[in-house]
Protein chains: 2
Amino acid sequence: MAGMEKFDQLKNHYKQLVPSMSEESWNITSSVLTVRTLKKGEYLVREGEVCNHVSFINHGLVRMFHAVEGKEKIIMFAHENEYTAEYQSFLTRRPANAYLLAMEDTELVETCYDDLQMLYQCVPEANLLGRMIAENLFLMMCDLSNHEAKSTIAGRYERLITEIPWLTQRVPQYMIASYLGITPEAFSRIKSKAAKKRSTIPVNY
Amino acid sequence: MAGMEKFDQLKNHYKQLVPSMSEESWNITSSVLTVRTLKKGEYLVREGEVCNHVSFINHGLVRMFHAVEGKEKIIMFAHENEYTAEYQSFLTRRPANAYLLAMEDTELVETCYDDLQMLYQCVPEANLLGRMIAENLFLMMCDLSNHEAKSTIAGRYERLITEIPWLTQRVPQYMIASYLGITPEAFSRIKSKAAKKRSTIPVNY
DNA sequence: CTTTCTCCTTAACCCAAATCAAGATTTAAA
DNA sequence: TTTAAATCTTGATTTGGGTTAAGGAGAAAG
């Protein structure tokens, strides 16, 4: 079947989570998958719409954000081999609270809501898989909340550049500022202070 | 069996989530449940420990908080007929980032990690149940994050007193302040302003 | 090569909330 | 009931980050 290889990344991901998954279960699963491509700047989901798909990112980069008083507050970034969705809306079937936007040309492998419910009924491994995906999403939210609660902005910045170095390569700084919950100006100040602190280490004349 | 009725609340909760659950599945499940009672002020989990149980609250009240610079930042409250755990630690088997503390004398019905994994293997409905619990936890985190992102402190306070009125009855205000992410002093001022605003409604002389 | 965006930086000023401090009020204990 | 502890309120001061504004550097487009 044409384009079958587009599901390979997702298949690998499934096999990692559930090594015991049968070929038959995979065949049923893959029969409801669809590929979608987005150009840089296109929306996956808009606030107010019901999010009807869970998407696995083959390649590309997506950001999720709230629009608050005309400005955007970025919640998260997602990239290759990760899932993305306004999963709250997807689960509750209620309008999304956030936007999802492709920041680069992006290829997705998607499952729609009804098909996923069908899989939960028909494929024995699906609930296990669904549990692991929900658990992972939950853990991600925890990490987010932990970092926001525990660190100063400066500390969170230090952590970000060491733990997610690719972010600073692929994302402009004003978006990182939004992700940290501050203005670009404040972010700029913090950066220069941090740099100054580093250079305060004693130097020989 | 002595104390069997202590599992009734949890059984009801399961039946609501998974009406099709068989008696046999319930019997296997209940065989790994244990009851624990805590006095007011006792810890369920301390930061740095691995959280080894998921707990269903029969009665009582629990708070979860981060310790940051000697002060506590409250993440959530949990009460009767809700689950509580440092679920991030429970899932990852890594040290907890937060404390869980009984704020009243509390009775819990618990499952330990190994038993739960066994249930996932042996009880067909368990993965479905586990998925629903993880999804619910995820949705709760989303709500939390949404409100923090979208509302002013004053707005979040208004929402709190209308949607969770029992909180103000059972929890001192300085803890509600911590939950909202502000100091008790700031909370006091916001409250008095909000009260003043209400009394500004035209009055006849 | 020059122009035009887009993005980043720096400075001056402002404000909401933190901090510091002192009382007042409520609750629990003795 | 009196005392002690915990909680809540109010005021004065400080401060981190927001806002506004203006200039600079890079990348893309012409």
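Just so we're on the same page: letters track the sequence lines, and every chain starts at 1.
- A sub-4.0 Å separation between OP1 or OP2 of D:dT10 and a side-chain N or O of B:K193 is absent.
- Atom-to-atom, CG of B:L180 to C1' of C:dA17 comes out at 13 Å; the value is rounded to the nearest Å.
- Remark: A:T183 is in phosphate contact with D:dG18, judged by side-chain N or O atoms under 4.0 Å from OP1 or OP2.
- Counting only heavy atoms from C-beta on, B:A186 has its side chain closest to C:dA17 among D:dG18, C:dA17, C:dT19.
- The listed nucleotides are C:dT10, C:dC8, D:dT19; the one nearest the side chain of A:K71 is D:dT19.
- Heavy-atom nearest nucleotides on DNA chain D were determined for B:P184 and for A:G181, and the one closer to the 5' end corresponds to B:P184.
- Distance CD1 (A:I182) to C1' (D:dT19): 14 Å, rounded to an integer number of Å.
- Protein atom CD1 of B:I190 is 14 Å distant from nucleotide atom C1' of D:dT9, rounded to whole Å.
- Using cut-offs of 30° and 60° for the angle between ring planes, the B:H13 and B:Y83 rings count as perpendicular.
- The nearest whole Å value for the distance from the NZ atom in B:K191 to the P atom in D:dT7 is 14 Å.
- Counted by atom type alone, B:N146 and A:H66 present one or more donor-acceptor pairs between their side chains at under 3.5 Å.
- Checking the phosphate oxygens (OP1, OP2) of C:dT6, no side-chain nitrogen or oxygen of A:Q173 falls inside 4.0 Å.
- For A:T37 and A:E107, the side-chain atoms include no donor-acceptor pair closer than 3.5 Å.
- Distance B:Y174 OH to C:dT26 C1': 14 Å, rounded to the nearest Å.
- Of the possible donor and acceptor atoms, one in the side chain of A:R156 sits under 3.5 Å from a partner among the backbone N and O of A:L180.
- With D:dG17, D:dT9, C:dA12 as the choices, the nucleotide that has an atom nearest any side-chain atom of A:I153 turns out to be D:dG17.
- Taking the nucleotide of DNA chain C with the nearest heavy atom to each of B:K40 and B:F187, the more 5' of the two is matched to B:F187.
- Of the candidate nucleotides C:dC7, D:dG18, C:dC20, C:dC20 has the atom lying nearest to any side-chain atom of B:E185.
- As rounded to whole Å, 14 Å separates atom C1' of D:dA6 from atom CE of B:M103.
- Taking only distance into account, the side chain of B:R189 meets the base of C:dT19 through a donor-acceptor pair shorter than 3.5 Å.
- Across D:dT7, D:dT10, C:dT19, the shortest atom-to-atom separation from the side chain of B:P172 is found for D:dT7.
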Checklist entry - Step by step, would you call B:N127 with A:E125 a side chain to side chain donor-acceptor pair (under 3.5 Å)? => result CA-CA 9 Å; B:N127 279 304; A:E125 294 93 339; over 6 Å; no
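- Spacing between atom CD1 of A:I176 and atom P of C:dT9 amounts to 11 Å, rounded to whole angstrom units.
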